[in-house]
Novice: 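Here it is: the structure, laid out below.
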Amino acid sequence: MMEKMIFGRYVPAESPLHRMDPRSKLLMVFFFVCIVFLANNTMTYVILGIFTLVLIILSKIPFRFLYNGLKPVFWLILFTLFLHVFFTKEGEVLYSIAGLDIYEGGVRQGLFISLRFTYLILITSLLTLTTTPISITDGMEQLLNPFKKLKMPVHELALMMSISLRFIPTIMEETDKIMKAQAARGVDFSSGPIKDRIKSIVPLLVPLFVSAFKRAEELAIAMEARGYRGGEGRTKYRRLRWQTVDSLLIVSLLAVTVLLVIFRT
Amino acid sequence: MREQLVLLDNVVFKYDGQEHNAVDHVSFDVFKGEWLAIVGHNGSGKSTLAKLLNGLQFPLEGKIIVNGMELSEESVWDVRKRIGMVFQNPDNQFVGTTVQDDVAFGLENAGIEPEIMRERVKNALKRVKMDQFLNQEPHHLSGGQKQRVAIAGVLALQPDIIILDEATSMLDPRGREEVLETVRELKEENVLTVISITHDLEEAAKADRMIVMNQGTVYRNGTPREIFQLEEELISLGLDIPFSIKLAKSLRENGVEIEDRQLTDGELVKELCELNSRM
Ligand SMILES: Nc1ncnc2c1ncn2[C@@H]1O[C@H](COP(=O)(O)OP(=O)(O)O)[C@@H](O)[C@H]1O
Ligand SMILES: [Mg+2]
């Protein structure tokens with residue numbers, strides 16, 4: 001289940017967006033999160049919408065996957081929409097029901113904020129749907145490289161992330177095994193009062209932690225035996241390649257920024 | 001003359017807070033191109049010995065020489081390039097997110113250029129017949145396959161020696177045979193000297209030489225034939241003797257005239273067949 005949540009995210013396909021350097025995609029998301037706040041009228045929201053749509057088409061990701069990303073926050077979006085519709089009192093009154101006035105400004109504001117949410121989620125989903133977790137890790141490590149000078153443990157963080165990614169399925173399998181072993185001894189994980197269910201988690205967590213620590217220790221020894229001694233003097237097997245499309249992505253994003261500045265009110 | 005590759009001279013090691021020496025005045029050497037099996041009861045110091053050879057621990061007394069280099073804080077990184085290790089648990093030594101990333105891990109540590117790395121990763125995986133699995137994730141591999149990837153990781157660094165610390169003990173019989181066959185082929189091609197720590201006496205019987213460890217000391221050092229002569233003595237050390245030897249012994253006691261000591265099942269079967277044809 002968890003595995004699906006984390007690994008089911010990446011959808012392999014042959015698309016320009018898949019082939020792009022993770023660094024450009026990460027930068028794009030970062031930029032987009034900033035400039036989305038520049039939009040404040042219909043024109044600017046349309047511009048952002050077109051940009052997002054073009055990326056979606058370029059990614060060749062079936063709409064179903066994007067919808068899955070939106071589903072968990074759907075209610076949040078709806079909630080913000082209604083909040084604005086009912087409580088923002090700006091502009092003309094459009095409609096009156098049961099003593100509640102609905103203002104034109106409220107509807108607009110509500111729609112804009114919901115759109116902003118939707119764009120942000122779509123764009124971040126596009127990143128994780130078209131980039132493997134390990135590429136994202138590599139990209140982050142490269143982007144954060146300048147911060148090494150400020151004594152930020154960039155390499156260590158990236159290694160931690162990639163080892164976590166590597167061990168999640170292993171630990172999942174183990175959890176499953178322990179759960180079955182405990183269930184065979186009569187532990188009930190899925191029914192009964194909350195208190196009992198929480199109690200039944202303890203005999204699951206204890207062996208899991210013990211084994212995780214043992215794994216960590218053995219892994220550390222194995223890494224040392226294979227000559228690991230920190231990031232110093234280390235080369236990288238996976239090389240990131242910044243191509244023309246990557247520059248194009250950044251340039252188009254800059255163009256969008258310029259348009260937003262021009263058309264915003 | 002046999003070329004000496006590793007020398008241990010009166011090596012002593014004790015873990016902090018332990019009463020007894022884990023390794024107690026151990027001396028032996030390892031020759032180029034041989035397969036050395038180390039056997040001994042649990043806690044007899046076999047893994048500690050392996051860690052000493054690789055500089056994961058340093059001896060309190062005595063010295064270790066690998067390939068002419070005395071093992072010290074300075075030489076340890078060079079020594080680690082000469083000695084590769086494969087550990088017991090296939091999962092807990094798999095560092096990369098995919099097969100090729102894992103094989104590359106040691107190369108990255110050694111600062112090898114990316115172009116050369118690709119070449120070496122591919123070659124090493126071909127050697128262990130895992131080149132079909134470049135992008136496979138570890139949880140989709142069997143234990144035997146993971147251990148072969150671990151061997152590829154060692155091979156990629158082009159070492160002289162490989163230490164297997166109970167590398168097959170968590171595998172099913174098929175995985176075990178896969179891994180041992182791989183190592184055997186590599187040894188035949190004269191690329192590796194093998195030090196294999198094992199509980200599998202059938203495997204030890206096929207080694208060129210055996211060392212029996214007991215409570216941190218070398219109890220015996222000799223050919224498998226010599227070692228398995230000890231029979232009762234081995235059993236008193238908490239070890240066993242291979243099934244073929246046991247069977248041959250009972251046969252002899254029951255008046256079947258078989259000649260020499262048979263070390264492996266194959267040898268015994270052959271001997272019995274010959275005996276059968278003579279009758
Ligand atoms: N990390 C450790 N800390 C303290 N004592 C240890 C440690 N590892 C092993 N020992 C002790 O050292 C002795 C030898 O252990 P080990 O080399 O693992 O034996 P083997 O591999 O032959 O089973 C044992 O008595 C064991 O308890
Ligand atoms: Mg051991």
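A note on names: the letters A, B, ... follow the listed sequences, proteins ahead of strands, and every chain is numbered from 1.
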Novice: With a 4.5 angstrom heavy-atom cut-off, which part of B:Lys51 approaches chain A: side chain, backbone, both or neither?
Specialist: side chain
Novice: Which atoms of B:Asn54 come close to chain A, meaning under 4.5 Å heavy atom to heavy atom: side chain ones, backbone ones, both, or neither?
Specialist: side chain
Novice: Taking the side chain as every heavy atom from C-beta outward, state whether A:Val36 and A:Phe32 have any pair of such atoms under 4.5 Å apart.
Specialist: yes
Novice: Any idea which of B:Asp91, B:Val76, B:Val86 has the most non-hydrogen atom pairs under 4.5 angstrom with chain A?
Specialist: B:Asp91
Novice: Heavy-atom distances under 4.5 Å only: say whether B:Val154 touches chain A with side chain, backbone, both or neither.
Specialist: neither
Novice: Would A:Glu224 and B:Arg80 satisfy salt bridge (charged side-chain N to carboxylate O under 4.0 Å, His left out), going step by step from the backbone distance to the final call?
Specialist: CA-CA 9 Å; A:Glu224 207 184 330; B:Arg80 275 185 203 159; 3.4 Å; yes
Novice: So which part of B:Phe87 gets closer than 4.5 Å to some heavy atom of chain A, the side chain, the backbone, both or neither?
Specialist: side chain
Novice: Using a strict threshold of under 4.0 Å (side-chain N to carboxylate O), is an ion pair present between B:Arg184 and B:Glu203?
Specialist: no
Novice: Over all heavy atoms of both residues, which pair between B:Val95 and A:Met223 is shortest? Give the atoms and the distance, please.
Specialist: CG2-CG, 3.7 Å
Novice: Name the region of B:Gln88, side chain, backbone, both or neither, that has any atom closer than 4.5 Å to a heavy atom of chain A.
Specialist: neither
Novice: Determine the option with the most heavy-atom pairs under 4.5 angstrom with chain A, choosing from B:Glu115, B:Arg118, B:Gln93.
Specialist: B:Arg118
Novice: For the candidates B:Val121, B:Ile83, B:Asp101, which exhibits the highest count of non-hydrogen atom pairs separated by less than 4.5 Å from chain A?
Specialist: B:Asp101
Novice: Can a side-chain donor-acceptor contact be found between A:Asn145 and A:Lys148 if the only test is distance below 3.5 angstrom?
Specialist: yes
Novice: Heavy atoms only, distances under 4.5 angstrom: which of A:Arg238, A:Arg239, A:Glu232, A:Arg229 has the most pairs with chain B? Name it, please.
Specialist: A:Arg229
Novice: Are the side chains of B:Glu19 and B:Lys14 in contact, using a 4.5 Å heavy-atom criterion?
Specialist: no
Novice: Indicate whether the side chain of B:Asp78 and that of B:Ser75 have a donor and an acceptor atom separated by less than 3.5 Å.
Specialist: no
Novice: Does any backbone or side-chain atom of B:Val103 lie under 4.5 Å from a heavy atom of chain A? Answer side chain, backbone, both or neither.
Specialist: backbone
Novice: Count the heavy-atom pairs under 4.5 Å between each of B:Gly106, B:Pro114, B:Gly55 and chain A, then report the option with the highest count.
Specialist: B:Pro114
